[in-house]
Structures are given as C-alpha cells and as structure tokens.
Engineer: 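One structure, pasted below without further comment.
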Amino acid sequence: MSDIILSPEYEALKSKIDKLNKDLTALIMERDELIYHICPGIESEYMLEIGTLEYKAFEFQCKILRIKRKIELIQQKFNRQEAVVLPLIEEQLDNEYAEYEAKLKEKLNLIKDALSYSQGEEMSAEDIKELKMIYRKIVKKLHPDMNPDITETQHKLFLNAVAAYTSGDLQMLKSLEILIDEIFGDIEDYSSLESFKNKKETLCRHINSITEYIDKIKKSFPYNQKEFLLNDEKVKEKQSEFNNLIEQYKEMYKHYEEKLSALLGN
C-alpha cells in the first residue's frame, strides 16, 4: 500500500480526483439550488405576475370553443328536426372538452402552488448560508454521483436530506448531519491505481452530464423568464397585452351567448 501512496502517478491522479470532486460538488450544488430554490421562486413570481392572466385568457378560450360547439350541436338537431335535449348535449361537451378541463385544472394548480410558495416563511441570509453548507457536506458524503456505491440506507438518508434542503428545513438538515456523521463518519478511499483511473473517468462523465443539464435548465422555463421578470416595463406591457386579449374574449363570448339565446328562443 505504501508503494502505491508514494507513486507519482498515484499522487497525480489523487490530486486530479480531489479537484474533480470539488468541481462535481459545486455543480451538484448549483443544479440542486436551481431545481429546488431558484426555479421555484422564478416560477412562483411568473405565475403571480403573468400566469393568472394566462389562465383567464385560456379559460375564456375554452368557454368560447365550448359554446361554439354547443351552438353547432343544437343547430344540427334543428336541421334534422330532432328533439334538443340539453343535458345530453352538455354531457357530450363534457366528454369532448375533458382535455381542456384537465389543462385548466393543471394551470390553476400551478397558480395555487405559486401562491403557496410566495406565502412561505422566508429564511435569513445566515440560515440560507448554513443550509447550503450542511447540504454540501452531505452531498460530498452521500450523493450518488459522488459515491455510486452507497448503501440503500445511505441513499434513503440522502433523499431525506434532499427533502429538507428543498423545503428549507434547516433543523431537519442539522439533525440528519449529526446522524450521518455518527453512523458513517468520513468516507475514506484507499482505492487501487486502476480504480482511481476509473474514478476519474466516472467523475468526468458526471461533470459533463450535470453541466449539460444546468445549461438546459437555464435555457428552459421558468429560468428563461428571469431577465423578463426583472424588467418592470416589460412585465406591465405583457400584463396589458393579456388584459386586452381577455376583454376581446369576453366580447366574443358575449356574442356567442346572445347567438345561443336567440337559437334556443327560436
């Protein structure tokens, strides 16, 4: 073992792996912060500023499509000189527009989640710093990307740590830190030279994969709305566009309501 430790190649690999471990840890922290904190915050703000208006516009779109279809079905009955049974027509419309209703419900749930997130208790800068510090320590010990050979028990503990980090539960994360330290201590690595080479290749693959994933996150919703939300003028302009669109939809829907009323009156 001492010969391996003194080997220049071994020492060079160990130094490289130490650096790769630090790089990977930093990337994992960046990715998890994006997923669990930054993106939810951006999405919450977007949904409250724009999402509610998007929902109203989409809701009117659905109502317009449905009432147009209702008029069409009733007219078909008249043309065929068949009895118009409105409950049966409504049932048919429910089936035809079930997908739209599901999308409306999904959008409404996003707005509820955003409202819930915005009303959550804010952490102090000091607590956030401590939360990240403890999570970084746990990541080094138990994250599957850092330690692919962890046991099922270790993996479950790590998932609990992720849940605590996600919800900002500092006390729970502190408790998990103590428990993990007591049970597992520091994970020492006395690998062979060949396994060190494999470790290096594995770390490089993980680093490339996570780097690509972070880039993807930053190009996608909601992160790609970050700059937009920082521009009050653009936000107000977008809100104005949606409000005008909603007013147009209201007038359109009113037109079809009058058309339906006249059709049923006749």
Side-chain angles (χ1 to χ4, degrees), residues 17-49 51 109-189 203 206-207 209-230:
I17 286 172
D18 287 344
K19 183 182 184 304
L20 289 172
N21 272 322
K22 289 178 181 178
D23 292 344
L24 181 57
T25 301
L27 284 169
I28 289 171
M29 290 296 297
E30 182 181 358
R31 180 196 62 187
D32 288 0
E33 188 174 10
L34 281 167
I35 293 172
Y36 301 125
H37 294 287
I38 294 175
C39 285
I42 294 172
E43 184 172 13
S44 173
E45 186 179 354
Y46 181 87
M47 294 308 297
L48 294 176
E49 295 286 356
N109 287 335
L110 287 174
I111 292 170
K112 289 179 179 178
D113 290 343
L115 184 61
S116 176
Y117 186 90
S118 68
Q119 293 175 341
E121 185 177 339
E122 287 191 21
M123 297 180 69
S124 67
E126 186 178 339
D127 284 347
I128 291 173
K129 183 178 179 180
E130 187 174 7
L131 185 83
K132 290 180 181 179
M133 182 185 69
I134 296 173
Y135 185 65
R136 179 187 290 271
K137 180 180 176 182
I138 294 173
V139 162
K140 286 182 178 180
K141 285 192 173 185
L142 297 181
H143 197 289
D145 286 343
M146 303 291 296
N147 304 284
D149 298 326
I150 60 173
T151 66
E152 184 178 348
T153 300
Q154 289 171 327
H155 184 62
K156 286 180 180 178
L157 278 172
F158 177 70
L159 292 179
N160 288 335
V162 171
Y165 177 71
T166 305
S167 61
D169 191 339
L170 181 57
Q171 290 305 316
M172 174 59 74
L173 205 60
K174 284 181 178 178
S175 299
L176 286 167
E177 178 192 20
I178 294 170
L179 180 62
I180 290 168
D181 283 346
E182 287 180 352
I183 295 177
F184 305 110
D186 291 328
I187 297 177
E188 298 290 349
D189 190 3
L203 288 170
H206 282 314
I207 286 172
S209 176
I210 293 176
T211 300
E212 290 175 3
Y213 190 67
I214 289 172
D215 289 341
K216 183 179 177 181
I217 289 174
K218 290 183 176 181
K219 291 175 183 176
S220 306
F221 180 87
Y223 191 89
N224 59 10
Q225 299 300 313
K226 182 180 177 181
E227 294 300 320
F228 163 73
L229 290 168
L230 291 173

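Counting begins at 1 with the first residue of the sequence.
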Engineer: Count the heavy atoms of every other residue, nucleotide or ligand shown that sit under 6.0 Å from CZ of Phe221, and state whether that count exceeds 12.
Structural biologist: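 Result for CZ/Phe221: enclosed.
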
Engineer: Tell me the closest heavy-atom pair linking Ala161 and Ile138, and the distance in Å.
Structural biologist: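 Smallest interatomic distance, heavy atoms only, reads CB-CG2, 3.9 Å.
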
Engineer: Before accepting this row, confirm whether a basic side-chain N of the pair Asp23/Lys19 lies closer than 4.0 Å to the acidic partner's carboxylate O.
Structural biologist: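 Salt bridge: yes.
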
Engineer: Using 0.5 Å steps for rounding, measure from the CD atom of Glu130 to the OG atom of Ser124.
Structural biologist: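 Rounded to the nearest 0.5 Å, the CD-OG separation comes to 9.0 Å.
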
Engineer: What I'd like to find out is whether the side chain of Gln171 reaches to under 4.5 Å of the side chain of Lys174, using heavy atoms alone.
Structural biologist: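 Yes, close enough: below the 4.5 Å cut-off.
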
Engineer: Between atom CG of Leu170 and atom OG of Ser175, what is the distance when rounded to the nearest 0.5 Å?
Structural biologist: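 The CG atom of Leu170 sits 9.5 Å away from the OG atom of Ser175.
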
Engineer: Leu110 vs Glu43, test: side chain to side chain contact (heavy atoms under 4.5 Å, CB included). Steps then yes/no.
Structural biologist: CA-CA 9 Å; Leu110 287 174; Glu43 184 172 13; 3.8 Å; yes

Engineer: How many angstroms lie between OH in Tyr213 and CG in Asp215, if you round to the nearest 0.5 Å?
Structural biologist: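 Going from OH on Tyr213 over to CG on Asp215, the span is 12.5 Å.
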
Engineer: Do the side chains of Cys39 and Tyr223 get nearer than 4.5 Å, heavy atoms only?
Structural biologist: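 A side-chain contact exists here, since the closest heavy-atom pair is under 4.5 Å.
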
Engineer: Under the side chain to side chain contact (heavy atoms under 4.5 Å, CB included) criterion, do Asn21 and Lys140 qualify, and how do the steps go?
Structural biologist: CA-CA 8 Å; Asn21 272 322; Lys140 286 182 178 180; over 6 Å; no

Engineer: Does any N or O in the side chain of Gln154 come within less than 3.5 Å of the main-chain N or O of Thr151, such that one atom is a donor and the other an acceptor?
Structural biologist: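 Side chain of Gln154 to backbone of Thr151, a donor-acceptor pair under 3.5 Å: yes, one is there.
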
Engineer: So how far is it from Leu173 CG to Leu176 CG, rounded to the nearest 0.5 Å?
Structural biologist: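 It comes to 6.0 Å.
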
Engineer: Test your reading of the model: is there a side-chain donor-acceptor pair from Asn147 to the backbone of Ile150, 3.5 Å cut-off?
Structural biologist: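 Checked: no pair found.
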
Engineer: If you define the side chain from C-beta out and look only at heavy atoms, does anything of Lys156 sit under 4.5 Å from Glu152?
Structural biologist: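 In short, these two side chains touch, coming nearer than 4.5 Å.
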
Engineer: How close do Ala114 and Ser44 get, heavy atom to heavy atom, and via which atoms?
Structural biologist: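 The pair with the smallest heavy-atom distance is O-OG, 2.9 Å.
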
Engineer: Between Lys137 and Ile180, does the side chain to side chain contact (heavy atoms under 4.5 Å, CB included) criterion hold? Intermediate values first, please.
Structural biologist: CA-CA 10 Å; Lys137 180 180 176 182; Ile180 290 168; over 6 Å; no

Engineer: Which residues pass the salt bridge (charged side-chain N to carboxylate O under 4.0 Å, His left out) test with Asp127, not counting sequence neighbours?
Structural biologist: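 For Asp127, no residue satisfies salt bridge (charged side-chain N to carboxylate O under 4.0 Å, His left out) once neighbours in sequence are set aside.
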
Engineer: Looking at Glu212 and Lys216, does any basic side-chain N land under 4.0 Å from a carboxylate oxygen?
Structural biologist: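 Result for this pair is no, no salt bridge flagged.
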
Engineer: If only atom types and distance count, is the side chain of Thr211 paired as donor or acceptor with the main-chain N or O of Ile207 below 3.5 Å?
Structural biologist: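 Indeed, once roles are kept as given, a pair shorter than 3.5 Å links the two residues.
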
Engineer: Who pairs with His37 by ring-ring contact (aromatic ring centres under 6.0 Å, His included), at least two apart in sequence or on another chain?
Structural biologist: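 Result, ring-ring contact (aromatic ring centres under 6.0 Å, His included) vs His37: Tyr165.
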
Engineer: Hey, could you give me the CG/NZ distance between Leu157 and Lys141, rounded to the nearest 0.5 Å?
Structural biologist: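 If we round to the nearest 0.5 Å, Leu157:CG and Lys141:NZ are 11.5 Å apart.
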
Engineer: On a heavy-atom basis, which atom in Met172 and which in Ala164 lie closest, and how many Å separate them?
Structural biologist: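 In this case the closest contact between Met172 and Ala164 is CG-CB, 3.7 Å.
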
Engineer: So which atom in His206 and which in Asp145 form the shortest heavy-atom distance, rounded to 0.1 Å?
Structural biologist: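 The pair with the smallest heavy-atom distance is CD2-O, 3.3 Å.
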
Engineer: Sequence neighbours excluded and cut-off under 3.5 Å, please list the side-chain donor-acceptor pairs for residues 27-34, or say none.
Structural biologist:
unit_1: Glu30; atom_1: OE2; unit_2: Lys218; atom_2: NZ; d: 3.0
unit_1: Arg31; atom_1: NH2; unit_2: His143; atom_2: NE2; d: 3.1
unit_1: Asp32; atom_1: OD2; unit_2: Tyr135; atom_2: OH; d: 2.5
unit_1: Glu33; atom_1: OE2; unit_2: Lys132; atom_2: NZ; d: 2.6

Engineer: What I'd like to find out is whether the side chain of Met146 reaches to under 4.5 Å of the side chain of Leu24, using heavy atoms alone.
Structural biologist: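 They are in contact (side-chain heavy atoms under 4.5 Å apart), so the answer is yes.
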
Engineer: Going through the distances and angles, do Met123 and Leu131 end up as a side chain to side chain contact (heavy atoms under 4.5 Å, CB included)?
Structural biologist: CA-CA 10 Å; Met123 297 180 69; Leu131 185 83; 4.3 Å; yes

